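Keep in mind that this is a model prediction, so the values were computed, not measured. Both backbone and side-chain heavy atoms feed into the values below; hydrogens, waters and symmetry mates do not.
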Amino acid sequence: MQDLVTDAIALKEALLDFVYDAEGEIAVALETYAAEHGSKDKYDIKQQNIIVDTFLTEGRVNETTPLELFMEERKDLNEIDCVLLELWQRNFTGLFEIKAISTTQLKLMNWLTAKEYLVVPHSSIPTAESDRWQQGEILLTRLAPLTDDFWFFFSDRSDKGKLGKPKLAVAIGEFRTKFGNQLYGDAPELLAEAWDSVAVYHQEFIDYFGSDRLTMPGEELNQKLGELQSKMSQKRLEAAGIDSSKSMQELMQESGADVSEIEEAADLSGSDTEAVAKVLKSKKKLSSVIPKIDLPPEIKAAELVTVFSHPKWGQMYLPNYLKLIDLLDKESPETDITCQYLVRKYLEEPQTNYYIWQLLVKERGNKLEKVLQTVLNNPNLKLETDLPATLQKYDKPLHPVLPDIASVPIHLNNLFEEAVAQVQKSKSKSKKKKKKKGFL
């Protein structure tokens with residue numbers, strides 16, 4: 001096995017050299033890919049290395065991956081090299097917990113999918129790094145197969161240390177932000193299910209509200225979204241074959257469960273209390289759940305909120321959309337300070353994604369272009385040609401990234417609920433301590 005690992009390391013270095021030494025289309029493709037998926041933090045070398053390693057199999061040069069180009073151009077590859085390169089098309093980035101360590105291998109579990117892997121260490125990993133590894137630590141890295149049963153580290157490793165559930169939930173959230181296109185990289189069936197759930201939510205939204213765009217008070221919107229989510233939860237229970245006919249009281253009597261526990265679980269997950277009770281009682285388990293969509297306080301409190309729904313981009317909530325439209329409809333909006341402020345706000349806030357900007361360009365393009373020229377101090381800016389590059393500078397992806405409304409695997413949902421419960425208990429204890437007076 002160690003001979004195979006040595007061959008794999010040498011082959012990986014040759015593949016990287018092929019990409020780094022290339023000119024023309026490959027060099028341009030790498031630069032573009034790094035710009036689209038990179039971080040503003042230029043000092044995060046480990047993340048940059050992972051992005052380059054991801055480019056090897058997910059980047060495109062005229063619809064061909066760099067790895068495929070390498071296989072076409074290198075005529076000196078032996079049989080082992082070719083087998084490895086074919087296997088490496090399954091490499092992926094994940095957030096792994098070290099479940100076990102031995103002198104010859106590690107057992108890792110990808111927290112995004114709960115899948116486990118036997119990983120063979122290699123000599124290019126500094127001893128000072130590998131000696132620090134302990135069971136329970138979290139590693140952000142990229143794995144590639146050596147055989148059907150064994151894997152190796154295909155990229156740099158970022159050691160997150162041992163994480164409690166709240167910090168682990170935060171780390172998964174950061175992974176989603178930095179590596180959104182890598183979610184469920186080793187479980188395409190989970191990814192497909194998540195994307196399908198976004199399209200289903202979109203259709204449910206249209207069926208319920210009668211449109212893919214509407215404006216209403218934030219408080220009313222929050223209430224109606226809760227009603228919509230409740231309806232969707234019941235549909236998922238029925239589709240999973242879970243009995244929806246029994247009342248909460250009947251379920252309590254049958255299971256002997258504590259009502260306070262079920263209410264707490266429902267509160268943490270944002271689900272209907274009876275829906276939670278039915279899932280707990282049923283022997284049939286859902287593979288994934290729709291996360292709670294809890295509008296931020298500023299959206300709930302807004303006098304008017306315009307909400308947009310899209311089968312890929314998900315839902316977007318903008319409390320100042322109509323105001324911006326009104327300002328753009330005035331003469332010389334580029335001279336209006338409030339209009340400039342809102343356009344800059346739309347550039348900086350993640351909620352106003354590429355889809356929203358495309359709508360604005362379609363509906364108010366000429367006026368918007370003038371305001372954007374003023375805001376960016378660039379009189380030559382043209383929306384038709386410069387918008388994508390401009391938005392990328394503000395970390396706005398040009399293609400949909402799996403939105404927050406997408407379904408998540410049950411094990412992740414459970415982790416998030418437990419993390420919230422721990423944080424709430426910690427806050428509760430802190431409040432109790434603050435109430436103490438005198439010598440107690």
Side-chain angles (χ1 to χ4, degrees), residues 1-22 25-27 29-30 32-34 36-38 46-96 104-110 112-113 115-125 130 139-158 175 178-191:
M1 181 61 71
Q2 284 303 320
D3 288 341
L4 182 59
V5 174
T6 300
D7 290 341
I9 296 302
L11 183 61
K12 166 71 186 311
E13 289 299 321
L15 177 56
L16 274 177
D17 289 343
F18 169 76
V19 170
Y20 280 131
D21 294 342
E25 292 180 329
I26 295 179
L30 175 58
T32 303
Y33 188 90
E36 290 179 355
H37 299 88
K46 291 180 181 292
Q47 182 179 341
Q48 291 180 31
N49 289 342
I50 291 176
I51 289 170
V52 172
D53 291 330
T54 304
F55 171 75
L56 299 177
T57 49
E58 298 195 14
R60 290 292 182 273
V61 182
N62 294 328
E63 302 306 316
T64 304
T65 68
L67 183 143
E68 291 168 341
L69 289 174
F70 178 73
M71 293 180 70
E72 291 174 5
E73 294 192 17
R74 285 288 298 266
K75 305 301 182 183
D76 58 336
L77 297 173
N78 58 40
E79 185 177 350
I80 293 177
D81 291 339
C82 292
V83 170
L84 283 173
L85 289 169
E86 287 292 341
L87 287 172
W88 288 357
Q89 298 192 61
R90 291 163 46 206
N91 77 96
F92 69 97
T93 303
L95 198 63
F96 301 91
T104 58
Q105 65 187 37
L106 295 88
K107 178 185 282 188
L108 303 183
M109 183 195 76
N110 182 13
L112 282 306
T113 60
K115 292 188 176 184
E116 294 188 343
Y117 299 90
L118 295 177
V119 180
V120 182
H122 49 75
S123 57
S124 65
I125 300 175
S130 57
L139 301 177
L140 169 64
T141 189
R142 194 167 179 86
L143 297 184
L146 289 167
T147 66
D148 290 338
D149 299 318
F150 291 94
W151 299 66
F152 82 113
F153 292 110
F154 194 71
S155 190
D156 215 336
R157 298 144 303 281
S158 181
F175 183 96
K178 293 182 178 180
F179 301 97
N181 62 326
Q182 298 295 306
L183 281 175
Y184 317 135
D186 57 336
E189 70 283 358
L190 284 180
L191 184 61

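- Not one N or O on the side chain of Asn91 forms a donor-acceptor pair closer than 3.5 Å with the backbone of Leu143.
- Under the 4.5 Å side-chain criterion, counting only non-hydrogen atoms from C-beta, Leu11 is in contact with Leu85.
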Check step by step if side chain to side chain contact (heavy atoms under 4.5 Å, CB included) holds for Glu58 and Asn181.
CA-CA 10 Å; Glu58 298 195 14; Asn181 62 326; 4.3 Å; yes
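- In this structure, Ala22 and Ala27 approach most closely via the heavy-atom pair O-CB, 3.7 Å.
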Are Leu4 and Val120 close enough, and set up right, to give a side chain to side chain contact (heavy atoms under 4.5 Å, CB included), and what steps lead you there?
CA-CA 10 Å; Leu4 182 59; Val120 182; over 6 Å; no
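- Using cut-offs of 30° and 60° for the angle between ring planes, the Tyr117 and Phe92 rings count as tilted.
- Note: Trp88 and Phe152 have tilted aromatic rings, judged against thresholds of 30 and 60 degrees for the angle between ring planes.
- In this structure, Pro66 and Gly59 approach most closely via the heavy-atom pair CD-O, 3.5 Å.
- Rounded to the nearest 0.5 angstrom, Ile80 CD1 and Leu146 CG are separated by 11.5 Å.
- The neighbour count for Glu79 CD, taken as heavy atoms of other residues, nucleotides or ligands under 6.0 Å away, does not exceed 12.
- Between the side chain of Lys115 and the backbone N or O of Asp186 there is at least one donor-acceptor pair closer than 3.5 Å.
- In this structure, Thr141 contributes its side chain and Asp156 its backbone to a donor-acceptor pair below 3.5 Å.
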For residues 13-21, run the donor-acceptor check on the side chains, cut-off 3.5 Å, and write out each pair with its distance to 0.1 Å, sequence neighbours left out.
none

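- Closest approach of Ile51 to Ala34, counting heavy atoms only: CG2-CA, 4.3 Å.
- The distance from atom CZ of Arg142 to atom OG1 of Thr54, rounded to the nearest 0.5 Å, is 3.5 Å.
- Test Lys46, Lys12, Arg157 against Asp53 for salt bridge (charged side-chain N to carboxylate O under 4.0 Å, His left out) and you get one pass: Lys12.
- Separating the NE2 atom in His122 from the CZ atom in Phe154 is a distance of 10.5 Å, to the nearest 0.5 Å.
- Counted within 6.0 Å of NZ on Lys107, heavy atoms from surrounding residues, nucleotides or ligands total 12 or fewer; the atom is thus considered open.
- For Asn62, the side chain to side chain donor-acceptor pair (under 3.5 Å) partners at least two apart in sequence or on another chain are Glu25.
- Every residue was checked against the side chain to side chain donor-acceptor pair (under 3.5 Å) condition with Tyr184, not counting sequence neighbours, and none meets it.
- In this structure, Ser130 OG and Ile125 CD1 are separated by 6.5 Å, a value rounded to the nearest 0.5 Å.
- Here Met109 contributes atom CE and Leu95 contributes atom CG; the two are 9.0 Å apart, rounded to the nearest 0.5 Å.
- For the atom pair Asp81 CG and Asp76 CG, the distance stands at 8.0 Å (nearest 0.5 Å).
- Side-chain contact check for Phe179 versus Gln47: some heavy-atom pair is nearer than 4.5 Å.
- Among Leu77, Thr65, Leu56, Ile26, the single residue meeting the side-chain contact (heavy atoms from CB on, under 4.5 Å) criterion with Phe70 is Leu77.
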